[in-house]
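The next block holds one structure in the form of C-alpha cells; read it before the comments.
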Amino acid sequence: VRPSLQDLRQQASIAAKVFVQRDYTTGTICQFQTKFPSELETRIDKQQFEETIRTLNNLYAEAEKLGGRSYLEGCLACVTAYTIFLCMETHYEKVLKKIAKYIQEQNDKIYAPRGLLLTDPIERGLRVVEITIFEDQSNGRIEGR
Amino acid sequence: MKNCEYRQIEPQGLGTPNAAPPPPAGANDADTRAKRRRKWEVFPGKNRFYCDGRIMVARQSGVLPLTLGLIVLTSCLFFVFDCPFLVEHVTSCIPAIGGALFAFVIISLLQTSFRDPGILPRATADEAAYTEKQIDDSASSSYRPPPRTLEVIINQQVVKLKYCFTCKMFRPPRTSHCSLCDNCVERFDHHCPWVGNCVGKRNYRFFYAFIVSLSFLTAFIFGCVTTHLTLRSQGGKGLITAVQESPASALELIVCFFSVWSILGLSGFHTYLVASNLTTNEDIKGSWSGNSGVQNTVNPYSYNNIFANCCAVLCAPLPPSLIDRRGFLPTQESPPAAQPQVELPVFVGKSDLTVEDTCQDFALSCTG
C-alpha cells in the first residue's frame with residue numbers, strides 16, 4: 001500500500017532548509033546567487049546545483065527582457081487602456097509557467113531522488129530559492145545518487 | 001523498477017496556490033472543503049479586499065471617492081451643459097475626444113487604485129530564522145548589536161539594503177516599507193491618498209497614464225468651456241449673461257483652473273522621474289544626488305538614455321503579483337475544532353479575526 005502524501009510528509013521529516021538569496025549585482029532584475037551552499041555538499045554535485053540556478057536565472061532574465069515584444073505588448077496594452085490583460089496572459093506570466101515546469105522537472109529527476117526539494121521562488125515572493133533537505137531515510141527503499 | 005520514496009512528494013502538494021490538493025484522508029473532508037479560505041483573508045498588511053480578493057485598496061482609501069467624484073461630476077457637467085452648444089457651433093468631435101479622454105482617465109485611475117502595487121510577501125518563519133542566524137553569525141564577538149544593513153554592489157555603486165523588522169527580511173533595492181499600508185512595496189514611489197493606494201513597481205505606469213491623461217482632460221475641458229463662454233458672450237451679450245445662461249460652465253472652469261496647474265506640475269515632475277529612472281522616494285531622499293556622501297553617487301538603475309529609461313519604466317513586462325491573494329490556504333492536517341468560520345460574502349472587507357489568529361494562519365500558510 002503506498003503511503004499517502006500526508007504520511008510521507010510526516011515520515012520524511014525535514015532536516016534543514018537552505019535559502020539561496022538574490023543576486024543584485026546587475027540591478028533589480030530577478031537573479032539568484034550561484035554560490036553553492038555548504039549544507040548541500042553531501043547531497044548533490046556543485047555542478048548540478050549551479051546548472052539549475054543558472055538556468056533559472058536565464059529564464060527570469062527572459063521574463064524581464066526589454067525587447068521588441070515587450071514594447072509591443074506595452075503599447076498595445078496602453079492603447080486598449082490595459083483591458084487587454086483581462087483576456088491575454090502577459091509575457092512574464094508565460095515564462096513563469098515555464099519556470100514552474102522546469103522546477104518540477106528538476107525536482108522529479110534530480111532533487112527528489114536525493115532527498116531535496118526545490119520550492120518555486122514565486123511562492124516566496126521571488127526572494128529566495130528555498131531548498132528543503134529531508135532526513136536520510138536509510139530503510140533501503142531509496143535509490144540515491 | 002525504481003521505487004523512489006521521495007518521488008511521491010509532489011512539489012505541488014506542499015502548499016501550491018493554484019492547484020487545490022485533495023484534502024487528506026481521515027480529516028473531516030466536508031467541513032474542510034467548505035471552509036477553505038483564501039490567502040487574502042489572512043493577509044497581514046493593512047489592505048482591504050473586495051470581490052473575493054480580486055480588488056485591493058489601502059485601508060485608508062478616503063480620498064479616492066473624492067477624486068472619482070470630482071472627475072465624474074466635472075465631466076458630466078461638461079457633457080450635459082457644454083457639449084450641445086459646442087457641437088452646434090464648433091464641431092461634433094468635441095464630445096468624442098472628451099469621451100475617450102474621460103474613459104481613459106477613469107480606467108487608469110481604477111487600475112492604479114485596485115492593483116497590487118508590488119507588495120512583497122513577508123518572510124516565512126523559516127526564512128526569517130535563517131536570516132537572523134546569518135546576521136548573528138556575521139556579528140561574531142563584537143559587543144555592539146549586529147548591523148542590520150547589507151551592502152551590495154549594483155553596477156559599481158554601493159547600495160545599502162536595510163532590514164525590515166515588520167517583514168523580517170532584508171529589503172531588496174528600491175523597496176520601501178509603507179507605514180500606512182504596513183507592507184514592503186517594490187520600487188516604492190509614494191503612497192498616494194488621491195488614488196487610495198501605494199504607487200510602486202506594478203502600478204506606476206497606470207499612475208503615470210492617469211496623471212498625464214487627467215492633465216489632458218482638464219486642459220481640454222478648460223479650453224472647451226472657455227471657448228463656450230467666449231462664443232456665448234459674443235454678439236453683445238457679455239460674459240455675465242453668458243455665465244448666467246450656463247452656470248455649470250463657471251463651476252467647471254473653477255475646478256479645472258485650480259486642478260490643471262497642480263496636475264500639470266505633477267505630470268511634469270513624474271515625466272522627469274521616468275526619464276531618469278528615479279522614484280519619488282529616491283528623489284526626495286536625495287539618494288543619488290550626492291547629498292549624503294562625499295563620493296560621486298550616480299543612479300545605478302538608470303540606462304543613461306532617456307528613451308531607454310522611459311521604455312524600462314513604462315513598457316517593461318508587467319511583473320505578476322507576488323502575494324497571490326486568491327490562492328487557497330493549504331488544508332491543515334488537524335483542522336482546529338470549533339473555530340467559527342464565516343463564509344465571507346463578496347463586497348465585504350476582511351473577516352474580523354484577531355491579530356494572533358491572522359498571524360498564525362498566515363505563518364502556517366507559508367510554511368505549508
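So you know, we letter chains A, B, ... as the sequences are listed, proteins then strands, and number each from 1.
- Only the side chain of B/Tyr303 comes within contact range of chain A, with heavy atoms under 4.5 Å apart.
- At distances below 3.5 Å, at least one donor-acceptor pair connects side-chain atoms of A/Arg127 with backbone N or O atoms of B/Pro121.
- In this structure, the side chains of A/Thr28 and B/Arg187 stay at 4.5 Å or more apart for every pair of heavy atoms.
- If you tally non-hydrogen atom pairs under 4.5 Å between each of B/Ala103, B/Pro172, B/Ala316 and chain A, the highest count goes to B/Pro172.
- In this structure, CG in A/Leu76 is found 11.5 Å from SG in B/Cys315, a value given to the nearest 0.5 Å.
- In this structure, the portion of A/Leu96 lying under 4.5 Å from any heavy atom of chain B is its side chain and not its backbone.
- Shown here for B/Cys311 and A/Leu66, the closest heavy-atom pair between the two residues is O-CD2, 4.4 Å.
- Of the two parts of A/Ala16, neither the backbone nor the side chain holds a non-hydrogen atom closer than 4.5 Å to a non-hydrogen atom of chain B.
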>> Could you walk me through whether A/Thr26 and B/Ile154 satisfy the side chain to side chain contact (heavy atoms under 4.5 Å, CB included) test, starting with their C-alpha distance in whole Å, then the side-chain angles of each, then the deciding distance to 0.1 Å, before giving a yes or no?
In response: CA-CA 6 Å; A/Thr26 46; B/Ile154 300 176; over 6 Å; no

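- Residue contact with chain A, scored on non-hydrogen atoms closer than 4.5 Å, involves the backbone of B/Ile153 exclusively.
- Among B/Leu161, B/Leu150, B/Val159, the one residue that satisfies the side-chain contact (heavy atoms from CB on, under 4.5 Å) test with A/Tyr24 is B/Leu161.
- Among A/Thr90, A/Thr132, A/Val128, the residue making the largest number of heavy-atom pairs under 4.5 Å with chain B is A/Val128.
- The minimum heavy-atom distance between A/Gly125 and B/Leu120, with the atom names listed, is O-CD2, 3.9 Å.
- Contact of B/Arg171 with chain A is not made at all, since no heavy-atom distance falls under 4.5 Å.
- A 4.5 Å side-chain heavy-atom check between A/Thr25 and B/Val152 finds every atom pair outside the cut-off.
- For B/Pro319, the parts lying under 4.5 angstrom from a heavy atom of chain A are both the backbone and the side chain.
- Using a 4.5 Å cut-off between heavy atoms, B/Gln111 contacts chain A through its side chain alone, with no backbone atom that close.
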> Do B/Thr131 and A/Phe19 pass the side chain to side chain contact (heavy atoms under 4.5 Å, CB included) test, and can you show the C-alpha distance, the side-chain angles, and the key distance before you say yes or no?
Replying inline: CA-CA 9 Å; B/Thr131 313; A/Phe19 296 91; over 6 Å; no

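- Annotation: side chain of A/Gln21 is in contact with side chain of B/Tyr130 (closest heavy-atom distance under 4.5 Å).
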